[in-house]
S.K.: 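Have a look at the structure that comes next, please.
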Protein chains: 2
Amino acid sequence: MASSRPSYARIKEYLLSEIESGAYVAGDRIPAENALATQFGVSRMTANKAIRDLVQKGLLVRRVGSGTFVSQRKSESSLFDIRNIADEIRLRGGEHSSQIIALKEVAASEEVAVFLGVRTGTRVFYSEIVHRENGVAIQLERRHVNPKLAPDYLQQDFERQTPNAILVARYPVTDVENSVEAMLPSDEEAALLEMSPSDACLLVVRRTWSGELLISYTQLLHPGKRYKLNASRNT
Amino acid sequence: MASSRPSYARIKEYLLSEIESGAYVAGDRIPAENALATQFGVSRMTANKAIRDLVQKGLLVRRVGSGTFVSQRKSESSLFDIRNIADEIRLRGGEHSSQIIALKEVAASEEVAVFLGVRTGTRVFYSEIVHRENGVAIQLERRHVNPKLAPDYLQQDFERQTPNAILVARYPVTDVENSVEAMLPSDEEAALLEMSPSDACLLVVRRTWSGELLISYTQLLHPGKRYKLNASRNT
DNA sequence: TAGTGGTCTAGACCACCCC
DNA sequence: GGGTGGTCTAGACCACTAA
C-alpha cells in the first residue's frame with residue numbers, strides 16, 4: 001500500500017520544507033500545536049509528536065506560554081559527513097587504493113540485525129576492504145548492506161569505486177549516525193592494517209539512511225597512529 | 001498543591017532506581033507500557049512518556065512486538081556539543097564527581113603556545129581534573145586557559161563547577177574545534193584513569209573560541225572501554 | 001485575558017514479534 | 001494468538017507568557 005505513513009510525518013515534512021525554503025528562518029515562531037492540528041486534520045497530540053521530533057533534532061525550541069521557534073543552530077561540521085575515504089585522501093593529495101578482503105552474502109548476526117534493522121539470520125551483503133593512502137593502510141572498512149535496497153551490490157567494481165560512492169549514487173543519504181570509540185585491534189585486524197596488535201585503533205561505527213530506509217551499517221577501523229578525525233562547529 | 005510533579009516523573013524515577021540498583025541490568029526487559037500504566041495508576045500515554053524520555057537519554061531501547069530493554073551503551077557524548085561532562089553524566093542519570101589533580105600556572109610549552117595562540121613561555125593557567133561517573137573514571141581533562149581572558153580562573157571552585165561551565169558562563173562559546181584520535185595512555189595517565197596501560201584511549205583535543213578570542217585548549221582523555229562519542233546528522 | 005505549551009485520560013486500531 | 005510498541009483521537013485542566 002502506498003501510504004501507510006504516520007500522520008505526523010506529513011507535518012514534519014511541512015515544517016522542514018518551510019524551514020529549508022526560508023519561509024521560516026531562525027527565531028521565527030511556527031504555528032501552535034492547535035493550529036497545526038486543525039490545518040492537518042489531526043489531533044493535538046499528533047501535531048505535538050511532529051514538533052517533539054523536530055525539537056529533539058535541534059531544529060525547534062519551545063517556550064511555554066510563548067510558542068515554538070526555529071532554532072538558531074547553524075550547520076554542523078562537514079568532516080563527519082559522508083565523505084568517502086577515497087575523496088578524503090585525494091583531497092590531501094594522496095593516492096588511494098583499495099584491497100578487497102571479502103565480498104559475500106552472510107546471515108545477519110544479532111548485532112548486525114539490530115543495527116541494520118532486519119531480522120536475525122536474514123541474508124545481507126557484506127564487504128570488507130582495506131583502504132590505503134600511498135600504499136599505507138589507514139582504514140579497514142566492513143560494511144553490511146540491506147540487499148533489498150541494493151540487490152546488485154556485490155556485482156560492483158570495488159577497485160574503482162568505494163562502497164560509499166556506489167550507495168550514495170543510488171540513494172541520496174539523508175541521515176548519518178556515527179559513533180567513535182577507541183579499542184585494541186584483534187590480531188587479524190592488526191595484520192590487515194599492518195600495525196602492531198598492541199597499538200590503539202580508532203573505530204567509527206556508521207549508519208546511513210535515505211529517508212526512512214536504513215541503507216548500511218559500517219565499521220571503520222583505523223590505526224591510531226595514522227588517522228585522526230576532525231570536527232568543528234560554528235554557532 | 002504540594003505535589004505538582006508530573007506523574008511520569010515517578011515512573012522515570014522508579015525505572016532509574018531499578019536500573020541503578022541493578023534490579024534491571026543491560027539487556028533486561030522492563031515492564032510493558034500497559035503494565036506500568038496499571039502499576040502507577042496512569043494512562044498508557046503517560047507511561048509512554050516516561051519510557052520515551054529514558055529512550056532519548058539512551059538508557060532504554062525499544063523493539064516493536066518484543067519489548068523495552070535496558071540499553072548496554074557505554075558513556076557517550078556528542079562531538080558537536082559543548083555540553084560539559086557533568087551535565088552529560090547527569091543527563092544519563094549518573095552521578096558526577098571531580099577529582100582535582102593539578103591547578104596551577106605554567107609556562108606555555110611550544111605545543112600549547114601554538115594551539116593557544118600565545119608566545120612560548122607565556123604564563124598560562126592549567127587545570128587537570130579526573131571526572132567520574134558513579135565513581136568510575138571516564139575522563140582526564142587537561143586544560144590550558146589564556147589568563148588574559150579569565151584572570152581569576154584558578155580561584156574557582158572546581159569541585160562544584162567544571163572548568164567548562166565556568167568559562168561558558170563568562171564567555172559564550174561560539175566556535176569549537178575538535179580532533180579525535182586513538183592512542184595508548186602513558187603509565188601515569190592509565191593510573192589516573194584507573195585503567196590498564198595496555199588498553200586503548202580516546203583522545204579529544206578541543207579548542208574553544210568566543211568570537212575571535214581563543215579561550216582554551218583542552219585535552220580530554222577517555223578509557224576506550226568506558227567511553228564513546230556520538231555524532232549524528234539529520235537532513 | 002487570551003493563547004501557548006505541559007500534562008493527562010481512556011479508550012482505539014495496527015504491524016510486528018514470538019510462541 | 002497473545003503481547004508489544006507505534007500511532008491516534010477528542011477531549012481536559014494547568015502554569016506560564018504576553019498583551
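Labels below follow one simple rule: chain letters A, B, ... track the order of the sequence lines, proteins then strands, and each chain is numbered from 1. These figures come from a predicted structure and were not determined experimentally. No hydrogens, no waters, no symmetry mates; every other heavy atom, side chains included, goes into these values.
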S.K.: With salt bridge (charged side-chain N to carboxylate O under 4.0 Å, His left out) as the rule and sequence neighbours excluded, what pairs involving residues 99-108 of chain A come up?
M.R.: A:Glu105-A:Arg123
S.K.: Between B:Ala47 and B:Gly65, which has a closest nucleotide on DNA chain C that is more 5'?
M.R.: B:Ala47
S.K.: Can you tell me which residue pairs pass the ring pair (Phe, Tyr, Trp, His ring centres under 6.0 Å) test with a partner in residues 15-71 of chain A, sequence neighbours excluded?
M.R.: A:Tyr14-A:Phe40
S.K.: Starting from P on D:dG5, measure out to CG on B:Leu54 and report it in whole angstrom.
M.R.: 13 Å
S.K.: Near DNA chain D, which residues from residues 34-45 of chain B have a heavy atom under 4.0 Å away?
M.R.: B:Arg44, B:Met45
S.K.: Would you list the pairs meeting salt bridge (charged side-chain N to carboxylate O under 4.0 Å, His left out) in which at least one residue belongs to residues 182-192 of chain A, sequence neighbours left out?
M.R.: A:Arg142-A:Glu189
S.K.: For B:Asp157, what residues pass the salt bridge (Lys or Arg N to Asp or Glu O under 4.0 Å) criterion, not counting sequence neighbours?
M.R.: none
S.K.: How many whole angstroms separate atom CZ of A:Arg63 from atom C1' of D:dA15?
M.R.: 17 Å
S.K.: Partners of B:Glu159 by salt bridge (Lys or Arg N to Asp or Glu O under 4.0 Å), sequence neighbours excluded?
M.R.: none
S.K.: Which residues pass the salt bridge (Lys or Arg N to Asp or Glu O under 4.0 Å) test with B:Asp199, sequence neighbours left out?
M.R.: B:Lys225
S.K.: Partners of B:Glu33 by salt bridge (Lys or Arg N to Asp or Glu O under 4.0 Å), sequence neighbours excluded?
M.R.: B:Arg44, B:Arg62
S.K.: Report yes or no: do B:Ser97 and B:Arg132 form a side-chain donor-acceptor pair below 3.5 Å?
M.R.: no
S.K.: At a heavy-atom distance below 4.0 Å, which nucleotide of DNA chain C is the first touched by chain B, and which is the last?
M.R.: C:dT7 to C:dC17
S.K.: Roughly, in whole Å, what's the span from CZ in A:Arg29 to P in D:dT17?
M.R.: 15 Å
